[in-house]
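Following: one structure in structure tokens, then a few remarks.
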2 protein chains.
Amino acid sequence: MRNFCNYYIILFWGYFLIFSPQRIIAQEPSNKGNMYKTLQLSSLDLSQEEKLFRKIFDEALTTPQAYIWLEHLCKKIGGRLSGSQSLEKAVQFTKTVLDTLGLDRVFLQEVKVPHWVRGEEVAWFEQKGKKIKVNVCALGGSVPTQPQGIKAKVIEVKSFEELRQLGEAQVKGKIVFYNVKMKPTHISTFRSYGEAGFARKQGASEAAKYGAVGVIVRSLTTRIDDYPHTGSLGYQPHVPKIPAIAISTKDAELLSQTLKQNPETEFYFKSLCQNLPEATSHNVIGEIKGSEKPDEIIVVGGHLDSWDLGEGAHDDGTGCVQSMEVLRIFKKLGIKPKRTIRCVLFTNEENGVRGGRTYADLAAQNNEKHIFALESDAGGFTPLGFTIGDTPEILEKFMPFKLLFEPYQICIFKTGGNGADIAPLRNLGTQLIGFMPDSQRYFDHHHTQIDTFEHVNQRELQLGAAAITCLIYLLSEFDF
Amino acid sequence: MRNFCNYYIILFWGYFLIFSPQRIIAQEPSNKGNMYKTLQLSSLDLSQEEKLFRKIFDEALTTPQAYIWLEHLCKKIGGRLSGSQSLEKAVQFTKTVLDTLGLDRVFLQEVKVPHWVRGEEVAWFEQKGKKIKVNVCALGGSVPTQPQGIKAKVIEVKSFEELRQLGEAQVKGKIVFYNVKMKPTHISTFRSYGEAGFARKQGASEAAKYGAVGVIVRSLTTRIDDYPHTGSLGYQPHVPKIPAIAISTKDAELLSQTLKQNPETEFYFKSLCQNLPEATSHNVIGEIKGSEKPDEIIVVGGHLDSWDLGEGAHDDGTGCVQSMEVLRIFKKLGIKPKRTIRCVLFTNEENGVRGGRTYADLAAQNNEKHIFALESDAGGFTPLGFTIGDTPEILEKFMPFKLLFEPYQICIFKTGGNGADIAPLRNLGTQLIGFMPDSQRYFDHHHTQIDTFEHVNQRELQLGAAAITCLIYLLSEFDF
């Protein structure tokens with residue numbers, strides 16, 4: 001049995017070395033007495049924030065406004081792919097809602113967006129003389145097959161390196177099957193998604209370089225289920241464009257087994273998707289002007305577009321309604337922010353990020369000063385924390401405020417990822433913040449037909465909205 | 001704009017005042033240099049635990065054994081109410097599984113349990129001449145109605161005080177409708193459940209004191225939905241026993257509105273449940289003997305029984321399979337604990353806690369030294385933390401180990417609730433520990449027909465099992 005006491009002392013100091021406060025000790029070694037006194041004086045001030053946090057959470061948990069908005073977005077409007085009528089219905093709906101909130105300004109930004117539409121999708125392969133039907137979905141932006149579809153032998157790979165080693169000799173004329181599993185052992189499922197995403201994003205062009213005629217991608221989820229997950233791909237210039245589809249993880253397992261038994265197995269698929277001329281869409285923006293520093297802007301946003309298969313509930317209806325909820329709660333509680341708070345519902349995140357790029361371009365043109373931007377695009381799950389800035393400096397300044405979040409079980413504050421739509425603002429010197437809900441269930445739904453309203457829990461959604469509202473409040477009031 | 005800098009200093013010190021480490025500063029003010037050196041020396045030791053934690057999480061996330069066991073419990077066996085054949089099937093199944101794990105001892109403890117069975121359940125009320133059918137379920141342990149049912153006027157109350165004020169004059173001959181809402185603003189839904197539970201637990205006898213003929217209880221969930229939630233009631237001695245049922249929150253809202261419009265509304269219900277003679281059940285126990293202190297026992301458990309309406313998935317199939325998983329992981333990774341680790345699957349938590357009481361009685365009779373007991377009975381959701389002991393002393397000793405859990409997003413360590421089955425061990429001087437998963441969705445399912453396997457996420461379940469395994473390991477190796 002080891003002695004506990006040593007460990008206790010050791011770990012106590014480890015605690016200090018890992019977290020930032022000890023650096024402050026180093027900066028202020030000689031005036032502990034004063035600091036303590038300041039605390040005595042100022043605990044009143046801290047308790048103001050504490051009380052406001054409680055009011056914000058109470059409002060969010062007793063008025064399920066974000067949840068009601070989300071139901072409308074999902075059930076009355078549905079999937080909102082760029083170029084679709086439903087996306088423009090969502091633009092009108094959210095603008096109308098923002099118009100009712102008594103904001104200082106509500107406006108749209110016109111954005112030209114890609115217009116890709118899914119067509120008929122059929123796929124099967126033969127196993128022991130039996131035709132096995134496979135649920136597939138085209139990857140967003142894929143070229144179609146010929147109207148009669150394609151049928152070819154299949155070569156399974158797990159990496160681009162494996163593909164390179166097989167070379168043209170073994171790839172030409174075949175369908176490349178990327179059977180890349182999402183690693184189950186990362187605690188953040190987004191990290192696993194990031195690592196496994198290469199096949200979906202770049203796999204078609206990589207396979208085409210060796211003469212492949214089509215691509216099948218294992219869906220990006222750690223679950224074994226029946227739902228194919230779509231998502232965007234990119235084609236490289238000067239490489240033939242070949243059609244690409246996703247299959248469910250269950251079918252990926254079955255196909256892989258079948259290929260082991262019979263490497264000559266042929267796979268058939270037809271996908272009659274189309275790339276249409278660009279369409280017009282809009283970013284939707286609502287704003288409360290800052291009372292002291294109106295020129296300093298803080299963005300809170302999500303993206304209004306979604307894939308077509310489901311209802312765009314967790315991706316990213318939840319982020320949109322949470323961002324709208326921030327402004328609603330500010331108005332409802334009579335909070336007058338010192339800086340300007342802008343709710344931005346970006347268009348076309350999924351297959352172009354044109355909304356995010358347009359927003360940043362216009363901000364630059366108009367000489368707007370965006371000091372912070374936060375995106376909620378990781379699902380409407382229980383809030384666990386935030387990623388604050390890319391470097392430790394801002395995070396360190398923020399750490400003392402962590403205490404205010406702990407009663408709400410929001411404990412994780414670190415640097416890291418944020419959101420595709422706000423990333424273009426980085427060039428303007430904006431500090432980026434990511435909302436970090438529990439990620440365990442996100443890829444059960446992501447880009448599938450089951451990303452629906454039923455899978456969003458009202459309390460989780462509203463807790464997230466409250467957490468974001470509290471953070472935006474602090475960013476508005478303090479200098480970081 | 002407030003000056004940030006003061007806040008930073010202030011909050012930094014607030015941080016110290018709220019968390020415990022500053023007490024250590026006070027105890028050890030003069031040897032900071034030494035402490036720092038100890039850390040340097042000992043970081044190697046800490047990294048051993050760090051590595052083991054990683055192995056435990058990797059094992060749980062790559063081998064979904066607990067999830068597979070849970071599927072069997074839910075889908076092959078189903079609801080496991082005390083006295084039922086399915087509960088004894090679950091006893092046999094889990095014993096058989098434990099027998100395969102290579103443990104030092106697997107055994108059963110016989111427990112006499114109540115045997116209450118649900119019967120035919122029908123309910124309706126009239127609204128504007130239309131018969132409104134209501135989904136109801138008898139509360140566990142309730143007496144039945146007469147075979148023809150009961151029909152009476154309804155009096156709605158929100159508290160026992162309100163009932164007292166109405167008195168016999170307004171209550172006699174009526175059905176009392178406890179329309180007590182779970183408070184939505186607590187972050188822990190268990191706290192809201194605790195506050196609102198009085199009506200279900202004691203409402204029948206309280207109403208009977210004023211001559212009520214039956215009781216309707218609003219279901220205990222913050223959601224508005226169609227599922228009635230059962231749960232146990234207790235009758236007071238020397239008070240007439242009257243039948244009690246739960247109705248869904250949606251029906252509770254409708255009934256309340258109807259009563260506002262027409263206070264003369266009559267409600268009919270029939271519930272032909274029965275109290276049968278006591279039955280025989282069993283606690284199921286598996287044990288790994290401690291290598292250095294075999295006489296010091298650490299219990300990790302859940303309860304095997306469940307209500308009859310669903311499959312007892314989150315309540316508490318998940319706690320059972322997580323407890324079994326602790327032993328499986330210890331064996332798989334070759335961890336030889338210094339203290340004895342016992343997985344205990346308690347019987348009859350839901351309507352009697354006879355399993356927990358029998359276990360503690362036998363532990364006392366056998367002079368067993370139980371130093372810690374942990375129960376997982378709060379659902380198979382993402383692990384957020386643990387409640388450690390009833391007083392701050394043990395918690396303070398534990399706090400330095402918090403660091404090991406933080407990479408797994410497990411950040412909350414506090415005193416507080418634990419579990420009904422382990423509570424009787426408190427008299428033996430055992431320190432009690434509660435597993436604390438995310439509580440937001442628990443009462444969507446609790447005690448209803450939708451507490452089913454489909455609503456358990458494999459990753460959440462296995463992350464919880466890993467977290468518990470890590471904690472049990474620390475309790476086995478260190479002195480607290």
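Proteins come first, then strands; the chains are lettered A, B, ... in the order of their sequence lines, and each starts at number 1.
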Polar contact flag, side-chain donor to acceptor under 3.5 angstrom, A:Thr63-A:Gln65:
no
Do the ring planes of A:Phe443 and A:His446 sit parallel (below 30°), tilted (30 to 60°) or perpendicular (above 60°)?
perpendicular
Would you please classify the geometry between the B:Phe480 ring and the B:Phe478 ring as parallel, tilted or perpendicular, with 30° and 60° separating the classes?
perpendicular
Chain A heavy atoms under 4.5 Å from B:Pro407: which part of the residue, side chain, backbone, both or neither?
backbone
Quick check on B:Gln458 against chain A: is it the side chain, the backbone, both or neither that has a heavy atom closer than 4.5 Å?
neither
Non-hydrogen contacts under 4.5 angstrom with chain A: give the residues of residues 182-189 of chain B involved, or none if there are none.
B:Pro184, B:Thr185, B:His186, B:Ile187, B:Thr189
What pair of heavy atoms forms the shortest contact from B:Phe386 to B:Ala467, and how long is it?
CZ-O, 3.6 Å
What residues, two or more places apart in sequence or in another chain, satisfy salt bridge (charged side-chain N to carboxylate O under 4.0 Å, His left out) together with A:Asp295?
none
Contacts of A:Glu71 that satisfy salt bridge (charged side-chain N to carboxylate O under 4.0 Å, His left out) - sequence neighbours left out:
none
Roughly how far, to the nearest 0.5 Å, is the OG1 atom of A:Thr387 from the CE atom of A:Met436?
7.5 Å
Quick check for you: to the nearest 0.5 Å, what is the distance between B:Phe372 atom CZ and B:Leu474 atom CG?
10.5 Å
For B:Tyr408, check ring pair (Phe, Tyr, Trp, His ring centres under 6.0 Å) against everything at least two apart and list the hits.
B:Phe57
Note: vs chain A, highest number of non-hydrogen pairs under 4.5 angstrom among B:Leu384, B:Thr382, B:Leu463, B:Thr222 is B:Thr382
If you count heavy-atom pairs under 4.5 Å with chain A, which of B:Arg54, B:Gln440, B:Gln462 comes out on top?
B:Gln440
Assert top hit (heavy-atom pairs under 4.5 Å, partner chain B, pool A:Arg441, A:Glu460, A:Arg223) equals A:Arg441
Heavy-atom distances under 4.5 Å only: say whether A:Asn457 touches chain B with side chain, backbone, both or neither.
side chain
